[in-house]
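Here the structure is laid out as structure tokens; the discussion comes afterwards.
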There are 2 protein chains.
Amino acid sequence: MLHVWLHIDPRSSVPMYQQVVEGVKEAVARGVLNPGDKLPSVRELAMELTINHNTVAKAYQELEREHVIEVIRGRGTFIATEPDIPDLSVRVRELKEEMVRWIVEAHHLHLSDEELVELFQTVLREWREGRETL
Amino acid sequence: MLHVWLHIDPRSSVPMYQQVVEGVKEAVARGVLNPGDKLPSVRELAMELTINHNTVAKAYQELEREHVIEVIRGRGTFIATEPDIPDLSVRVRELKEEMVRWIVEAHHLHLSDEELVELFQTVLREWREGRETL
DNA sequence: CTGTGTGTACTAGGTGAACTGGTACACTAG
DNA sequence: CTAGTGTACCAGTTCACCTAGTACACACAG
């Protein structure tokens with residue numbers, strides 16, 4: 001089985017294990033992976049991506065910490081059903097801080113607030129369309 | 001002279017030179033620093049932040065590369081007047097990719113598209129207000 | 001029971017970015 | 001000239017990331 005929903009770039013400055021984390025999260029958000037779906041084993045995915053199984057394991061641990069997947073020793077890893085996020089307020093705050101960074105960046109690109117909101121809505125709409133066509 | 005507009009955390013996972021970059025960019029976006037203003041010298045700022053002058057120099061070089069500041073050898077560094085950004089399309093694309101990341105993140109926090117847009121507008125409004133009170 | 005597949009833990013080592021400390025150079029302004 | 005500026009080195013440390021290999025505990029099918 002090939003897992004076309006995951007692509008990583010070994011030469012990227014962002015760590016490979018984090019690319020795996022983001023790839024899985026994006027696949028879930030896009031509906032490519034759904035609650036209960038089984039993920040490839042650490043060794044299988046490591047083989048496919050030609051990386052070390054420890055790197056995949058590190059990604060899975062991070063995903064479990066964020067409640068994206070559920071790990072059952074001896075059986076495998078599965079996409080989690082959607083529970084309450086314990087530290088939701090913390091993560092929303094982090095998201096807002098991230099947004100402030102965009103705003104600052106947009107200022108240096110001479111984008112007005114209106115243009116920035118419009119840009120965001122465009123990206124959101126495009127992403128939605130891409131999700132629906134899957 | 002103290003530069004209260006800059007705070008860095010040596011224990012943060014984000015590199016100190018990048019914290020300096022973001023700090024200057026945010027100060028400019030907030031209007032704390034204005035075109036033509038002189039930045040402290042690399043050695044002066046390094047002394048104040050108790051870091052090495054090479055680290056500050058690296059931050060200044062990055063800021064110059066992004067056309068946030070202008071460097072004149074022997075005279076100092078100054079906040080740049082606003083020119084055209086040569087690689088604007090590239091940076092807008094990076095900004096859009098960043099937005100996609102947080103759309104994915106919002107999905108895992110069980111935020112709807114409407115809530116996400118509203119959150120973004122709230123952050124934008126709050127930032128605007130904070131800017132005006134300075 | 002055994003055998004296979006699962007996640008996990010551990011060690012040892014390689015690589016590169018970040019940072020320090022120090023020195024030196026070219027430039028500008030007084 | 002001297003003093004202050006950005007810049008360019010170099011040597012060395014630290015640390016996260018990654019690899020490679022091995023081993024362990026668990027679940028399940030046979």
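So that the names make sense, note that chain A is the first sequence line, chain B the second, and so on, each numbered from 1. Computation of the quantities below employed the complete heavy-atom set of this structure, encompassing side-chain atoms and omitting hydrogens, waters and symmetry-equivalent molecules.
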ask   = How about A/Met16 and A/Pro10: do any of their side-chain heavy atoms sit closer than 4.5 Å?
value = yes
inquiry  = In whole Å, I'd like the distance from the CD atom of B/Glu70 to the P atom of D/dT7.
reply    = 13 Å
key: Per-nucleotide protein contact string for nucleotides 14-30 of chain D, where B marks a base within reach and S marks sugar-phosphate only (heavy atoms under 4.0 Å, - for neither)   = ---SSSBBBB-BBSS--
ask   = C/dA17 P sits how many Å from A/Arg11 CZ, rounded?
value = 14 Å
ask   = Between D/dT5 and B/Ser41, is there an OP1 or OP2 to side-chain N/O distance shorter than 4.0 Å?
value = yes
inquiry  = For B/Arg65, run the side-chain hydrogen bond (donor to acceptor under 3.5 Å, both in side chains) check against B/His67, B/Gln61, B/Glu62 and tell me which one passes.
reply    = B/Glu62
ask   = Just how far is it from atom CG of A/Asn52 to atom CG of A/Asn54, taken to the nearest 0.5 Å?
value = 4.5 Å
Using a cutoff of under 3.5 Å, can you pull out all pairs of nitrogen or oxygen atoms linking the protein to nucleotides 12-15 of chain C, with atom names and distances?
none

query = Taking only residues two or more places apart in sequence, or in another chain, which ones meet B/Tyr60 in a ring pair (Phe, Tyr, Trp, His ring centres under 6.0 Å)?
reply = none
request  = Would you kindly give the CE-to-P distance between B/Met47 and C/dG21, to the nearest whole Å?
outcome  = 11 Å
key: Rounded distance (Å) that lies between atom P of D/dT5 and atom CG of B/Leu45   = 12 Å
request  = Would you kindly give the CG-to-P distance between A/Leu39 and C/dT6, to the nearest whole Å?
outcome  = 12 Å
Donor-acceptor contacts under 3.5 Å from residues 115-126 of chain B side chains, at least two apart:
from	atom 1	to	atom 2	distance (Å)
B/Glu115	OE1	B/Ser112	N	2.9
B/Glu115	OE1	B/Ser112	OG	3.3
B/Thr122	OG1	B/Glu118	O	2.9

ask   = Can you check the B/Glu62 CD to C/dA17 P distance for me, whole Å?
value = 15 Å
task = Look up atom OG1 in A/Thr55 and atom CG in A/Leu49, then write down how far apart they are to the nearest 0.5 Å.
result = 10.0 Å
request  = Mind checking the NZ-CG spacing from A/Lys25 to A/Leu33? Nearest 0.5 Å is all I need.
outcome  = 14.0 Å
remark   = Taken in chain and number order and not counting sequence neighbours, the residues that satisfy salt bridge (charged side-chain N to carboxylate O under 4.0 Å, His left out) with A/Asp37 are none
key: Nearest-Å distance for atom pair CD/C1', residues B/Glu44 and D/dT5   = 11 Å
query = Reckon B/Ser13 touches a base, only the sugar-phosphate, or nothing at all at heavy-atom distances under 4.0 Å?
reply = nothing
Under 3.5 Å, side-chain donor or acceptor atoms of residues 75-95 of chain A against the rest of the protein: list the pairs with distances, not counting sequence neighbours.
from	atom 1	to	atom 2	distance (Å)
A/Arg91	NE	B/Glu105	OE2	3.4
A/Arg91	NH2	B/Glu105	OE2	2.7
A/Arg93	NH1	A/Glu97	OE2	3.2

